[in-house]
Amino acid sequence: MTNNCFNKIRSYYPRFSEKEKQIADYILKNPEKIVHGTINEVAEDLGVADATVFRFCKRIGFKGYQAMKIALASETIIPRKEIHEEITEEDNEQEITEKVFKSNIQTMENTLQLLDRVTIKKAVELISTADKVHFFGTGGSSIIAMDAFHKFVRTGVKAYAFTDSHFQLMAASQLTPRDLAVVISHSGTNSDTINILNVALENGAKTIGITSFPKSPISQKADVVLLTSSEETKYRSEALASRIAQLSIIDVLYVNIMIKNKEVSQESLEKVRKAILKTKI
């Protein structure tokens, strides 16, 4: 993760508690007060305890208030330009195009800051050691699950995915402790997806959750959680923006598996290429 304080706050913002959002808003609006002030002064301005501000600093990845203060000082020297801009009805086609792309780039950068080496390593290990890997997701997330199948079937991993939620439930009921369920849900609160996760857990399967909310049921239940970050705008929902980040996480896992199981993956990839070649003129 980088030490960019502003980016970290924006990355975590949708997942903050109301008290944390209060502190986040204060920092974003008054960075100079953090740089030139003490933790006691900030806590007094906000009407909270010093410990609450300290815990916030830890929450976004700093060792404490002083570390966050140093990071902010280096960032406020250079005037900041907002990457994420609101789309308006007055924007022309080119302006909308640029803002959508910039928003996607911001989503990717924010998500990158939420990922860490240890969590990715655990996820890769679970995939590489599983007998079968099932990708689950309903609604828009089912598209991500199918994309994951499309990639992982090339790696030699026994990968599966279904678009129908009833088929997914039936597949989850057949999992064993040697299998892995990768459950995808932006909100982490979709009832169908939670039911699928519960069935997988009841059968002893290992689980990976890909979601945007660490306090959601899926985050609380999955063995490994990979978090995405996105911002909602007037013309674009947070869930839509998170798809870009979810697809990128799938790519990260896919490439890691291809490298980790190089010989098997290459052999499987060649078989897939050979089969697909027959469909081309």
Ignoring hydrogens and angles, tell me if any N or O in the side chain of [X] forms a donor-acceptor pair with the backbone of [Y] under 3.5 Å.
{"X": "E41", "Y": "T38", "answer": "yes"}
{"X": "K69", "Y": "G37", "answer": "yes"}
{"X": "N30", "Y": "K33", "answer": "no"}
{"X": "N190", "Y": "D192", "answer": "yes"}
{"X": "Y65", "Y": "I34", "answer": "yes"}

Practice item. Mind running side-chain contact (heavy atoms from CB on, under 4.5 Å) on R154 and S265 for me, showing each step along the way? Key: CA-CA 7 Å; R154 304 161 187 261; S265 295; over 6 Å; no

For the residue pair [X] and [Y], establish whether any side-chain heavy-atom pair is separated by less than 4.5 Å.
{"X": "T111", "Y": "L227", "value": "no"}
{"X": "K132", "Y": "L180", "value": "no"}
{"X": "F54", "Y": "D50", "value": "no"}
{"X": "I27", "Y": "I9", "value": "yes"}
{"X": "S185", "Y": "F136", "value": "no"}
{"X": "V133", "Y": "Y160", "value": "no"}
{"X": "M146", "Y": "F162", "value": "no"}
{"X": "I218", "Y": "F213", "value": "no"}

Pairs under 3.5 angstrom only: tabulate donor-acceptor contacts from the side chains of residues 17-25 to other protein residues two or more places apart or in another chain.
from: S17; atom 1: OG; to: E20; atom 2: N; distance (Å): 3.2
from: S17; atom 1: OG; to: E20; atom 2: OE1; distance (Å): 3.4
from: E20; atom 1: OE1; to: S17; atom 2: N; distance (Å): 2.8
from: E20; atom 1: OE2; to: R59; atom 2: NE; distance (Å): 3.2
from: Q22; atom 1: NE2; to: L46; atom 2: O; distance (Å): 3.0
from: D25; atom 1: OD1; to: Y13; atom 2: OH; distance (Å): 2.8
from: D25; atom 1: OD2; to: Y13; atom 2: OH; distance (Å): 3.2

Point to revise | Partners passing side chain to side chain donor-acceptor pair (under 3.5 Å) against T211 (at least two apart in sequence or in another chain) | key: none

Practice item. Tell me, please, which residues at least two apart from T189 pass side chain to side chain donor-acceptor pair (under 3.5 Å). Key: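 T189 satisfies side chain to side chain donor-acceptor pair (under 3.5 Å) with S187 once adjacent residues are dropped.
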
Going by atom types alone, do [X] and [Y] pair a side-chain donor with an acceptor below 3.5 Å?
{"X": "S268", "Y": "T155", "value": "no"}
{"X": "Q106", "Y": "N110", "value": "yes"}
{"X": "T176", "Y": "D179", "value": "yes"}

Point to revise | Remaining members of the apolar cluster that contains V272, side-chain heavy atoms under 4.5 Å | key: I276

So how far is it from [X] [atom1] to [Y] [atom2], rounded to the nearest 0.5 Å?
{"X": "N104", "Y": "R243", "atom1": "CG", "atom2": "CZ", "value": "12.5 Å"}
{"X": "T107", "Y": "L112", "atom1": "OG1", "atom2": "CG", "value": "12.5 Å"}
{"X": "T88", "Y": "I96", "atom1": "OG1", "atom2": "CD1", "value": "7.5 Å"}
{"X": "I208", "Y": "I210", "atom1": "CD1", "atom2": "CD1", "value": "7.0 Å"}

Determine the minimum heavy-atom distance between [X] and [Y], stating which atoms define it.
{"X": "T207", "Y": "L201", "result": "CG2-CD2, 3.7 Å"}
{"X": "F62", "Y": "A71", "result": "CE2-CB, 3.6 Å"}
{"X": "P217", "Y": "G188", "result": "CD-O, 3.2 Å"}
{"X": "P31", "Y": "L28", "result": "CD-O, 3.7 Å"}
{"X": "I196", "Y": "S165", "result": "CD1-O, 4.3 Å"}
{"X": "G137", "Y": "A145", "result": "N-CB, 4.1 Å"}

Regarding [X] and [Y], does a basic nitrogen lie under 4.0 Å from an acidic carboxylate oxygen?
{"X": "K151", "Y": "D251", "value": "yes"}
{"X": "D91", "Y": "K99", "value": "yes"}
{"X": "D223", "Y": "K206", "value": "no"}

Check your understanding: If two hydrophobic side chains count as joined below 4.5 Å and joins carry through other members, does L269 share a cluster with F149?
Key -> no

Listing, residues 253-264 side-chain donor-acceptor contacts under 3.5 Å, not counting sequence neighbours, or none:
from: N256; atom 1: ND2; to: V252; atom 2: O; distance (Å): 2.8
from: K260; atom 1: NZ; to: E125; atom 2: OE1; distance (Å): 3.4

Exercise for review: I would like to know whether T163 and S142 meet side-chain hydrogen bond (donor to acceptor under 3.5 Å, both in side chains); could you show each step before the answer?
Suggested key: CA-CA 6 Å; T163 55; S142 69; over 6 Å; no

Review point. When you look at CD of E270, are more than 12 heavy atoms from neighbouring residues, nucleotides or ligands closer to it than 6.0 Å?
Key: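 More than 12 heavy atoms, drawn from other residues, nucleotides or ligands, come within 6.0 Å of this atom.
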
Exercise for review: Please name all residues satisfying side-chain contact (heavy atoms from CB on, under 4.5 Å) with L247, sequence neighbours left out, ordered by chain then number.
Suggested key: I144, D147

